[in-house]
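Step one of this worksheet: look at the structure below.
Every chain is numbered from 1, with letters handed out A, B, ... down the list of sequences.
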Number of protein chains: 2
Amino acid sequence: MPPASVLSSQCPSRTLLEHVTSKWGVLIIHALSQSPARWSGLRRAIEGVSEKMLAQTLKTLEADGFIERHDHGTIPPHVEYSLTNAGQDLAGHLLPLLRWIEAHTDAQLIDAAPAT
Amino acid sequence: MPPASVLSSQCPSRTLLEHVTSKWGVLIIHALSQSPARWSGLRRAIEGVSEKMLAQTLKTLEADGFIERHDHGTIPPHVEYSLTNAGQDLAGHLLPLLRWIEAHTDAQLIDAAPAT
DNA sequence: CGGTATCCCCCTCGATACTG
DNA sequence: CAGTATCGAGGGGGATACCG
């Protein structure tokens, strides 16, 4: 078996990559990297996400083994989401990228308006 | 001005993040991180990309300042794409993520079929 | 070789309404 | 609170044809 390569269209790693780098997937992992959170907390933290996409993306990432869903089974419902070990490992690589992009954005804006 | 945050829907960093983590954007940066490449080389290296999406994504990343287009102006045409300094900086954060995903994929497959 | 231009499908995604 | 169901618009993306 050849090693996984995202450049191969048939490689399973490509699918995983698309899940992880999906529009909301990145942000969910980012949000959960700080601490576990509940459904409503995630909706608030991730500005602009719809219920549909939040549910869909959470399920995908759970199936991929990056996220754990813990249902307390109480009424009213209390469900908590957290990163698995694999998810935390992943976040360790994803967060530096996010921080770089944010820092790069700030740098660009400052360059555009140098003197205040 | 507050610092950039990808969790804010209006923040410019969110747009940049979506360009960088777009389906083909990731792979283009990955391909160019090894060495500059020509159009046809990129098409071959990035399995499954259509001409339309290659052109579109290259333009977006060029506008974002991550990619440089160098046209030799000869006949037959010879156009080379390469990473800018910002692009290389970005790749420095993106590549570890890709390598981790590939390695994680391999590990999963081995777990699924332990003894050979 | 290195692209544009056009057509068109389909799938993602957001909005809304509803439920245990 | 934590979702599911449904619908409809938009654009991502493939195929094909053409150009300097």
Side-chain angles (χ1 to χ4, degrees), chain A residues 6-10 14-29 31-32 35-64 67-83, chain B residues 6-11 14-29 31-32 35-64 67-82:
Chain A
V6 292
L7 292 177
S8 305
S9 55
Q10 302 308 322
R14 182 107 137 211
T15 307
L16 215 53
L17 175 65
E18 278 164 24
H19 293 173
V20 166
T21 62
S22 71
K23 180 170 181 177
W24 303 113
V26 187
L27 300 180
I28 288 175
I29 294 169
L32 288 180
S35 73
R38 300 176 62 173
W39 167 274
S40 51
L42 288 174
R43 273 220 74 185
R44 257 175 282 114
I46 303 168
E47 224 177 284
V49 70
S50 67
E51 297 189 343
K52 178 178 173 178
M53 291 316 298
L54 181 56
Q56 195 177 108
T57 311
L58 281 171
K59 279 184 185 172
T60 302
L61 293 178
E62 190 190 357
D64 288 336
I67 281 183
E68 248 167 9
R69 192 188 116 104
H70 185 54
D71 189 340
H72 292 217
T74 56
I75 304 277
H78 184 137
V79 180
E80 204 166 59
Y81 292 93
S82 59
L83 294 182
Chain B
V6 292
L7 292 177
S8 306
S9 55
Q10 303 308 323
C11 182
R14 183 107 137 209
T15 308
L16 214 53
L17 175 65
E18 278 164 24
H19 293 174
V20 166
T21 61
S22 70
K23 179 171 181 177
W24 303 113
V26 188
L27 299 181
I28 288 176
I29 294 169
L32 288 180
S35 72
R38 300 176 61 172
W39 168 274
S40 51
L42 288 173
R43 273 221 74 186
R44 258 175 283 115
I46 303 167
E47 223 177 284
V49 70
S50 68
E51 297 189 344
K52 178 180 173 179
M53 292 316 298
L54 181 56
Q56 196 176 109
T57 312
L58 281 171
K59 278 185 186 171
T60 302
L61 293 178
E62 191 190 355
D64 287 338
I67 281 184
E68 249 168 9
R69 193 188 115 105
H70 186 53
D71 189 339
H72 290 219
T74 56
I75 305 281
H78 184 138
V79 180
E80 205 167 58
Y81 293 92
S82 60

| said: When you measure from the side-chain N and O atoms of B:K59 to the phosphate of C:dG2, is any distance below 4.0 Å, counting only OP1 and OP2? | reply: no
| said: Please check this pair: side chain of B:R14 against backbone of B:V6, looking for a donor-acceptor N/O pair closer than 3.5 Å. | reply: yes
| Separation of atom CG in B:L54 from atom P in D:dG13, rounded to whole Å | 13 Å
| field | Atom-pair distance (NE2 on A:H78; P on D:dA2), nearest Å | value | 7 Å
| Short side-chain N/O contact from B:S40 to OP1 or OP2 of C:dG2, under 4.0 Å | yes
| task | Using whole Å, report how far CG of A:D71 lies from P of D:dT4. | result | 11 Å
| query | What is the distance from CD of B:E18 to C1' of C:dT12, rounded to the nearest Å? | reply | 13 Å
| request: Check whether any side-chain nitrogen or oxygen of B:R38 sits under 4.0 Å from OP1 or OP2 of C:dG2, and answer yes or no. | output: yes
| query | Side-chain contact, heavy-atom cut-off 4.5 Å: B:L54 with B:R43? | reply | yes
| task | Could you tell me whether the phosphate oxygens of D:dG3, OP1 or OP2, come under 4.0 Å of any side-chain nitrogen or oxygen in A:Y81? | result | yes
| In whole Å, what is the span from the CZ atom of B:R43 to the P atom of C:dT4? | 13 Å
| Counting side-chain heavy atoms from CB outward, which of D:dG13, C:dC1, C:dC13 is closest to B:W24? | D:dG13
| query | Between the side chain of B:S8 and the main-chain N/O of B:C11, is any donor-acceptor distance below 3.5 Å? | reply | no
| said: Tell me the interatomic distance from A:H70, atom NE2, to D:dC1, atom C1', rounded to whole angstroms. | reply: 16 Å
| request: Could you tell me whether B:G73 contacts a base, only the sugar-phosphate backbone, or nothing, with contacts defined as non-hydrogen atoms closer than 4.0 Å? | output: nothing
| task | Compare the minimum distances between each of C:dC1, D:dG13, C:dG14 and the side chain of A:M53, then state the nucleotide with the smallest one. | result | C:dG14
| Starting at the 5' end of DNA chain C and moving along, which residue's nearest nucleotide shows up first, B:K52 or B:W39? | B:W39
| What's the verdict on side chain to side chain contact (heavy atoms under 4.5 Å, CB included) for B:W39 and B:L42, showing C-alpha distance, side-chain angles and the deciding distance? | CA-CA 5 Å; B:W39 168 274; B:L42 288 173; 6.0 Å; no
| Atom CG of A:L58 and atom P of C:dC13: how far apart are they, to the nearest Å? | 14 Å
| remark: Between CD of B:Q56 and P of D:dG14 the distance, given in whole Å, is 11 Å
| request: Output the single nucleotide from D:dG13, D:dT6, D:dA17 whose closest atom is nearest the side chain of B:E51. | output: D:dA17
| request: Using a cut-off of strictly less than 4.0 Å, decide whether B:R69 has a side-chain nitrogen or oxygen near OP1 or OP2 of C:dG3. | output: yes
| Between A:I67 and A:L32, is a side chain to side chain contact (heavy atoms under 4.5 Å, CB included) present by the stated rule, with each step listed? | CA-CA 9 Å; A:I67 281 183; A:L32 288 180; 3.7 Å; yes
| From C:dG14, D:dG3, D:dG14, pick the nucleotide closest to the side chain of A:K23? | C:dG14
